[in-house]
Chemist: 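The structure under discussion is supplied below as structure tokens; questions concerning it will follow.
Chain letters run A, B, ... following the sequence lines, proteins first, then strands; residues in each count from 1. Values below: all heavy atoms of this structure, side chains included; hydrogens, waters and symmetry mates excluded.
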Number of protein chains: 2
Amino acid sequence: MDIRSLRYFIAVYEERSLSAAAKRCFVAQPSISTTIAQLEDDLGTKLFLRHSKGVSPTDSGSQLYPHACKMVSDLSAMRSLFTDTLTPLALSISLTPFLSGALISQVIKTMLDEVSGLTLKLVDESESADLRFTCQRYATDEDVFYPLWEDDYVIAMPLDHWLADFASLSIKQIDKQPFISRTPCDILESWNYLMQKQELTTDVRAQVKTEEYALDLVAAGLGISLIPEHSARGRSDLCLRPLNDVKLKRVVGLAHKKERSFPAHLINTILTAKQQLLVNNPPSDTRLT
Amino acid sequence: MDIRSLRYFIAVYEERSLSAAAKRCFVAQPSISTTIAQLEDDLGTKLFLRHSKGVSPTDSGSQLYPHACKMVSDLSAMRSLFTDTLTPLALSISLTPFLSGALISQVIKTMLDEVSGLTLKLVDESESADLRFTCQRYATDEDVFYPLWEDDYVIAMPLDHWLADFASLSIKQIDKQPFISRTPCDILESWNYLMQKQELTTDVRAQVKTEEYALDLVAAGLGISLIPEHSARGRSDLCLRPLNDVKLKRVVGLAHKKERSFPAHLINTILTAKQQLLVNNPPSDTRLT
DNA sequence: TCTAGCTATAGGTAAAAACTAGACCACTAG
DNA sequence: CTAGTGGTCTAGTTTTTACCTATAGCTAGA
């Protein structure tokens, strides 16, 4: 029985759900599941009843909850015994849709680990937030933008497509191909401009809204499409090829209003997080399936 | 900062030594060393001053100590929220003969006080028991051994004996002396080995089975004898002298089979009992009657 | 009956904590 | 002065733990 278990327990208790608790703790759902099971085993009593809509606390669970809260808060009080003038920092962060969840959670995890006293709240893009995960293109003059990683855009096609024989493609080879168009797309304007400039066209077979749907249609053989490389990570039913004569990419990072100021160590942590991303997610040349 | 770190911290604080804390926590010394270093790093303050004889707590360390104790005890209280009431614990304890009854009863008292629901039954050494009061030498590889105290062996002689003029004795001075031999004796083998190695002999005048009888014969002037210091406690008709060139002692404690597991609370209590023994029975340099 | 959403389990990987061995330092005894 | 002792720290290795992905199994609602 350690503090980590109690933190997870509190999250589950308050969310009434293992999956929701997992999201809140920025870990995968099985981690929560096994940890709670261990805790129950350790205490010799069931803490939650599992059902198809989530979990509900047993009497034991409800009894444990206040103790667990006290324990966790005592511990963080102890931490701040010697760190003077620790100002608790509560920030809201918004997400631009269709960014890589895996990378974002790595960054958030680093920030929570490194900046003591920091609590984050994820809000919808429509609300105003202290920090925004977004593309550099969307950062305005009134923003400060910290780049974190780059998403390279590649052409996705079925495994048996004739273009798959090329290690990389020229934009000219895309001319008149059946194409799955996707909106919104961060680089759609650049793409259209490039195509028009070379008087190329595509044969748009479908218009979809999400990357997953676009990829499904590509896998089904309906056409080819242009997508950020990371979003096809883990799909073996597709073939990805980079473009060799134009480089399409978006720079993703954190933005905030210039007038908003943050503690220096928070900014340093963002820069640290960028380094860690490079280490953990080596600058993958587009995989040749 | 987790509970494990705090446990180690408490052990170090109370033992004033990383190595001693390591023994108490049943881990290797580097584990303690690195964990304390991490904790100091985490809290941003040094907790101990290292010097050649061990460590001493800084102000920060002393400040942290009560908080850490509370945290750890809260946690074990939480553990027993659900388990303790359900399991009354009935254990049998056996005694190796000729240990100090006074000390043993102190330990047993502590255990009964601290562990709620515990009942003890003292059985003969020949029977198998859950826990055994015994010497470290008699604990096997299949045992876990918790040391409780050390018995120093001293030379007992009549008050008017000529060796009483020395504050401490060399083993060479024992050569050819009238001697009361006692079997069984926990350190008889060591003693014989030491004597033979230096080609010394004793003039055995009597062979007895108990410490009391041996002491009576010594007081009567029949010879000198080798006994654990505690067993002559309270006798004013004898003179005790330590040996200064060899250190003969036995480590007495509680042993149990490795495969047998006990509630952590019980184990903690045994460790507490050891501390209390040290407080109540100060590490007496052999009394110079 | 099919699908969607949730939890549990299995298997593999990466990080944390443990151990061993040995360096270094201060003190003590000869 | 030198050897030995008792203590902490460092480096390298092994073991344990926590985590992730993938997937199975269950239940409720369409």
Chemist: For I32(B) and dA17(C), give me the distance from atom CD1 to atom C1', rounded to whole Å.
Modeler: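 Atom CD1 in I32(B) sits about 12 Å away from atom C1' in dA17(C).
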Chemist: Tell me the interatomic distance from R7(A), atom CZ, to dA18(D), atom C1', rounded to whole angstroms.
Modeler: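 In whole Å, dA18(D) C1' lies 15 Å from R7(A) CZ.
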Chemist: V55(A) side chain: which of dA18(D), dT10(D), dT7(C) is closest?
Modeler: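 Nearest to the side chain of V55(A) among the choices is dT7(C).
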Chemist: Which whole-number value in Å describes the distance from E15(A) CD to dG5(C) P?
Modeler: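 E15(A) atom CD is separated from dG5(C) atom P by 17 Å.
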Chemist: Could you give me the CA-CA distance, side-chain angles and deciding distance for K23(A) and E15(A), then say whether salt bridge (charged side-chain N to carboxylate O under 4.0 Å, His left out) is met?
Modeler: CA-CA 10 Å; K23(A) 289 196 184 79; E15(A) 299 284 344; over 6 Å; no
Chemist: Taking CG from D245(B) and P from dA29(C), how many angstroms apart are they, rounded to a whole number?
Modeler: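 The answer, rounded to whole Å, is 14 Å.
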Chemist: Just wondering, more than 12 heavy atoms not from F26(A) lying within 6.0 Å of its CZ?
Modeler: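 Above 12, so yes.
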Chemist: Looking only at side-chain atoms of S17(B), point me to the closest of dT8(D), dA18(C), dA18(D).
Modeler: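 My answer, after comparing the listed nucleotides, is dT8(D).
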Chemist: I'd like a table of donor-acceptor pairs (distance under 3.5 Å, sequence neighbours excluded) in which one partner is a side-chain atom from residues 3-12 of chain B, with atom names and distances.
Modeler:
| from | atom 1 | to | atom 2 | distance (Å) |
| --- | --- | --- | --- | --- |
| R4(B) | NH1 | T35(B) | OG1 | 3.2 |
| S5(B) | OG | D2(B) | OD1 | 2.5 |

Chemist: Among dA18(D), dA17(C), dC19(D), which nucleotide sits nearest the side chain of S31(A)?
Modeler: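 The listed nucleotide nearest to S31(A)'s side chain is dC19(D).
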Chemist: Could you please name the option among dC19(D), dC9(D), dT7(C) that lies closest to any side-chain atom of T35(A)?
Modeler: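 Closest nucleotide to the T35(A) side chain: dC19(D).
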Chemist: Any protein N or O atoms within reach of nucleotides 23-28 of chain D? Criterion: under 3.5 Å, listing atom names and distances.
Modeler:
none

Chemist: What contact category does T34(B) fall into here, base, sugar-phosphate, or nothing, at under 4.0 angstrom with non-hydrogen atoms?
Modeler: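 No contact.
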Chemist: May I have the distance from I36(A) (atom CD1) to dC6(C) (atom C1'), rounded to whole angstrom?
Modeler: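 It works out to 15 Å between those atoms.
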Chemist: Please give, in whole Å, the distance from dT5(D) C1' to K247(B) NZ?
Modeler: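 K247(B) atom NZ is separated from dT5(D) atom C1' by 13 Å.
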Chemist: Between D151(B) and K249(B), is there a donor-acceptor pair closer than 3.5 Å when you use the side chain of the first and the backbone of the second?
Modeler: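 Flag not set: sc D151(B) to bb K249(B) has no pair under 3.5 Å.
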Chemist: Okay, side chain of T58(B), backbone of K46(B): is any donor-acceptor separation there less than 3.5 Å?
Modeler: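 Yes, because the side chain of T58(B) sits within donor-acceptor range (under 3.5 Å) of the backbone of K46(B).
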Chemist: Give a yes or no answer on whether the side chain of Q29(B) reaches the backbone of S19(B) with a donor-acceptor pair at less than 3.5 Å.
Modeler: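 Side chain of Q29(B) to backbone of S19(B): no pair is present.
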Chemist: Here's one to test your reading of the geometry: is the NZ or CZ of R50(A) within 45 degrees of the ring axis of F48(A) and under 6.0 Å from its centre?
Modeler: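 No, cation not above the ring by the 6.0 Å, 45° rule.
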Chemist: Which distance, rounded to the nearest 0.5 Å, do you find between the CG of L266(A) and the CG of L271(A)?
Modeler: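 Output value for this atom pair is 10.0 Å.
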Chemist: Under 4.0 Å, heavy atom to any atom of DNA chain C: which of residues 41-50 of chain B qualify?
Modeler: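 DNA chain C contact set from residues 41-50 of chain B: none.
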Chemist: For the pair made of CZ in R4(A) and C1' in dT16(D), what is the distance, rounded to whole Å?
Modeler: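 Atom CZ in R4(A) sits about 13 Å away from atom C1' in dT16(D).
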Chemist: Establish, yes or no, whether a centroid distance under 6.0 Å links the rings of H256(B) and F145(B).
Modeler: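 No, ring centres 6.0 Å or more apart.
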Chemist: Could you tell me the separation between the NZ atom of K23(A) and the C1' atom of dC6(C), rounded to a whole number of Å?
Modeler: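 That distance rounds to 10 Å.
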